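Because the structure is a prediction, the values reported are computed rather than measured.
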Amino acid sequence: MSELRRTGLYDLHIELGAKMVPFAGYEMPVQYKPGVMKEHLHCRAAAGLFDVSHMGQVILRPKSGDLAAAAAALETLVPVDIQALKEGRQRYALFTNDAGGILDDLMVAGRGDHLFLVVNAACKAEDVAHLRAHLADTCEVQEITDRALLALQGPLAEAALSALVPGVAGMRFMDVASHASAFGELWISRSGYTGEDGFEISVPGDQADALARALLANPDVQPIGLGARDSLRLEAGLCLYGHDIDTGSSPVEAALTWAIQKSRRTGGARAGGFPGAARILTELDTGSARLRVGLRPEGRAPMREGTALFADAEGGDSIGSVTSGGFGPSVEAPISMGYVGAAHAAPGTVIFGEVRGKRLPAIVTALPFRPATYKR
């Protein structure tokens with residue numbers, strides 16, 4: 001097994017009493033002294049600081065100097081309208097494979113003369129290789145390795161960050177901008193993966209510790225580990241790659257059709273032209289055999305990843321399985337996401353999860369479990 005890597009904030013995590021665990025090839029903090037429950041609730045009430053430096057940062061630069069060429073090139077790998085992405089804005093995208101499955105989900109930002117991508121840590125080497133294999137003729141693919149990435153999330157995130165970087169207060173959800181600061185040039189997006197208002201901040205690697213400490217000097221800001229990051233994104237109904245989405249799940253099955261703009265759909269100006277288009281466009285038009293849904297188990301027992309799902313309390317074959325599940329601290333109840341056959345996917349449908357040999361009822365529920373609080 002290869003040696004685990006460390007982010008530039010490793011020493012700070014240890015100083016703060018973090019419990020470190022292996023994650024995507026890195027030693028990462030799963031929780032700090034307060035624990036997952038308190039960290040989760042603090043992020044919902046105030047502001048939480050996350051080290052997400054393990055994620056991949058990539059610049060896609062057109063060799064011709066024409067950004068439209070880079071946008072058109074990237075559209076050959078994603079079912080997303082990149083050409084309509086304006087400078088200073090970002091959108092969610094998906095790398096698809098020839099079978100219509102998902103290779104990774106990512107963020108794409110328009111930054112004038114280039115596109116800036118943020119990809120998942122576990123997939124970043126494959127994603128960079130994928131980009132280079134397919135776009136090398138038209139684009140320079142530059143993996144950024146000298147910057148860290150922090151996420152500041154929660155209702156007091158704007159106040160905490162604007163005390164250090166005043167210009168961020170005017171940003172709205174999915175805006176991106178570069179800001180000069182005492183910590184060097186910061187590449188900031190107003191986004192995150194908790195369902196809360198907040199920011200993701202790319203900072204020069206040698207300034208990451210100083211920026212993190214400056215933010216944590218604000219009593220409203222506390223460090224948050226991967227445990228609470230997972231419960232926060234689950235309450236927000238957001239997918240975790242490798243669990244809720246993977247190479248076997250299509251964007252339609254995963255209920256991510258909102259990410260596929262009209263221009264890339266049947267009848268659109270640039271319909272298809274991405275890997276797996278035949279399957280994905282057909283499913284968009286006629287539906288898929290299974291769907292990702294939210295589940296509210298009755299009682300207090302959580303239905304965790306791998307729990308088999310059934311239509312009835314006894315007998316019959318499995319109709320799907322749970323892909324993420326646990327306790328939702330803000331909704332004060334167990335919550336899960338999973339895939340079920342389309343006939344069982346309507347909100348309000350009662351199905352059953354097999355927990356420790358017993359089938360327990362769960363209600364199919366619309367996502368998210370808790371409304372998002374983004375600044376539109």
Side-chain angles (χ1 to χ4, degrees), residues 9 12-13 15-19 21 28-53 149-175 186 188-201 203 208 211-240 294 296-297 300 302 324-337 365-376:
L9 296 181
L12 177 59
H13 297 316
E15 183 182 320
L16 293 170
K19 178 184 177 183
V21 298
M28 297 296 292
V30 67
Q31 66 181 65
Y32 298 88
K33 291 176 182 176
V36 172
M37 177 83 75
K38 288 182 178 178
E39 290 171 30
H40 176 115
L41 294 173
H42 183 86
C43 184
R44 291 273 187 247
L49 183 66
F50 303 77
D51 179 9
V52 288
S53 303
L149 193 65
L150 306 179
L152 184 67
Q153 302 282 295
L156 300 184
E158 179 187 290
L161 186 57
S162 60
L164 302 175
V165 189
V168 302
M171 298 175 72
R172 60 194 172 97
F173 182 58
M174 297 296 250
D175 277 352
L186 305 179
I188 299 176
S189 66
R190 191 154 198 163
S191 60
Y193 221 61
T194 61
E196 294 293 333
D197 181 29
F199 303 87
E200 294 191 337
I201 309 154
V203 53
L211 174 58
R213 289 178 189 274
L215 288 166
L216 291 168
N218 184 325
D220 293 328
V221 181
Q222 289 186 7
I224 311 293
L226 292 174
R229 181 172 167 83
D230 193 54
S231 58
L232 289 159
R233 68 92 195 165
L234 179 56
E235 285 186 344
L238 299 170
C239 294
L240 178 63
R296 292 289 295 259
R300 304 296 287 179
S324 287
F327 186 78
S330 301
V331 298
E332 300 181 321
I335 52 176
S336 301
M337 294 193 298
T365 306
L367 296 169
F369 296 103
R370 181 182 181 279
T373 56
Y374 307 132
K375 182 179 176 180
R376 302 286 183 182

>> When you compare the side chain of Leu232 with that of Gln153, does any pair of heavy atoms fall below 4.5 Å?
In response: no

> Of all residues at least two apart in sequence or in a different chain, which pass the side-chain hydrogen bond (donor to acceptor under 3.5 Å, both in side chains) check with Arg44?
Replying inline: Glu196, Glu235, Ser330

>> Do Glu200 and Phe50 make a side-chain contact, defined as non-hydrogen atoms from C-beta onward lying under 4.5 Å apart?
In response: no

>> To the nearest 0.5 Å, what is the distance between CG on Asp51 and CG on Leu150?
In response: 6.5 Å

>> Between Arg213 and Glu15, is there a side-chain heavy-atom distance shorter than 4.5 Å?
In response: yes

>> How close do Gly326 and Leu234 get, counting heavy atoms only, and between which atoms?
In response: N-CD2, 3.9 Å

>> Using the side-chain hydrogen bond (donor to acceptor under 3.5 Å, both in side chains) criterion, which residues pair with Asp230? Sequence neighbours excluded.
In response: Arg233

>> When you measure from the side chain of Glu39 to the backbone of Gln31, do you find a donor-acceptor pair of N or O atoms at a distance under 3.5 Å?
In response: no

>> Main chain of Leu149, side chain of Ser53: is a donor-acceptor contact present, judged purely on distance under 3.5 Å?
In response: yes

> Which atom names give the shortest non-hydrogen contact between Ile224 and Gly48, and what distance separates them?
Replying inline: CG1-CA, 3.4 Å

> Where do Phe369 and Met337 land on the side chain to side chain contact (heavy atoms under 4.5 Å, CB included) test, with the steps shown first?
Replying inline: CA-CA 10 Å; Phe369 296 103; Met337 294 193 298; 4.2 Å; yes

> With a 4.5 Å limit on heavy-atom distance, are the side chains of Pro223 and Pro29 in contact?
Replying inline: no

>> Whether the side chain of His40 engages the backbone of Gly35 through a donor-acceptor N/O pair (distance < 3.5 Å, no angle test) should be reported.
In response: no

> Can you name the closest pair of heavy atoms from Arg296 and Ile335 and give their distance?
Replying inline: CD-CG2, 3.6 Å

>> Any non-hydrogen side-chain atom of Thr373 less than 4.5 Å from a side-chain atom of Pro155?
In response: no

>> If I take atom OG1 from residue Thr365 and atom CG from residue Leu367, how far apart are they, to the nearest 0.5 angstrom?
In response: 8.0 Å

>> I need the minimum non-hydrogen distance between Tyr32 and Gly225, along with the two atoms involved.
In response: CE1-N, 3.6 Å

>> Would you compute the distance between atom CG of Leu226 and atom NZ of Lys19 and round it to the nearest 0.5 angstrom?
In response: 12.0 Å

>> For Pro302 versus Pro334, what's the shortest heavy-atom pair and its separation?
In response: CA-CB, 3.7 Å

> Just wondering, do Phe199 and Leu186 contact through their side chains at under 4.5 Å, heavy atoms?
Replying inline: no

>> Suppose the criterion is ring pair (Phe, Tyr, Trp, His ring centres under 6.0 Å): which pairs have a residue in residues 151-173, not counting sequence neighbours?
In response: Phe173-Tyr374

> How far apart are the closest heavy atoms of Ala47 and Ala157, and which atoms are they?
Replying inline: CB-N, 3.9 Å

> With Arg229, which of Val30, Val36, Val52 fulfils side chain to side chain contact (heavy atoms under 4.5 Å, CB included)?
Replying inline: Val52

>> Please report the interatomic distance CG(Asp220) to CG(Leu49), rounded to the nearest 0.5 Å.
In response: 13.0 Å

> Can you name the residues that form a side-chain hydrogen bond (donor to acceptor under 3.5 Å, both in side chains) with Tyr193, not counting sequence neighbours?
Replying inline: none

> Residues two or more places apart in sequence or in another chain: which of them pass side-chain hydrogen bond (donor to acceptor under 3.5 Å, both in side chains) with Ser189?
Replying inline: Ser191

> To the nearest 0.5 Å, how far apart are CG in Asp175 and CD1 in Ile188?
Replying inline: 11.5 Å

> Leu16 versus Leu216: any side-chain heavy-atom pair under 4.5 Å?
Replying inline: yes

Would you be so kind as to tabulate the donor-acceptor pairs closer than 3.5 Å made by side chains of residues 158-166, with sequence neighbours excluded?
| unit_1 | atom_1 | unit_2 | atom_2 | d |
| --- | --- | --- | --- | --- |
| Glu158 | OE1 | Arg190 | NH1 | 3.1 |
| Glu158 | OE1 | Arg190 | NH2 | 2.7 |
| Glu158 | OE1 | Lys375 | NZ | 3.2 |
| Ser162 | OG | Glu158 | O | 2.7 |
| Ser162 | OG | Ala159 | O | 3.3 |

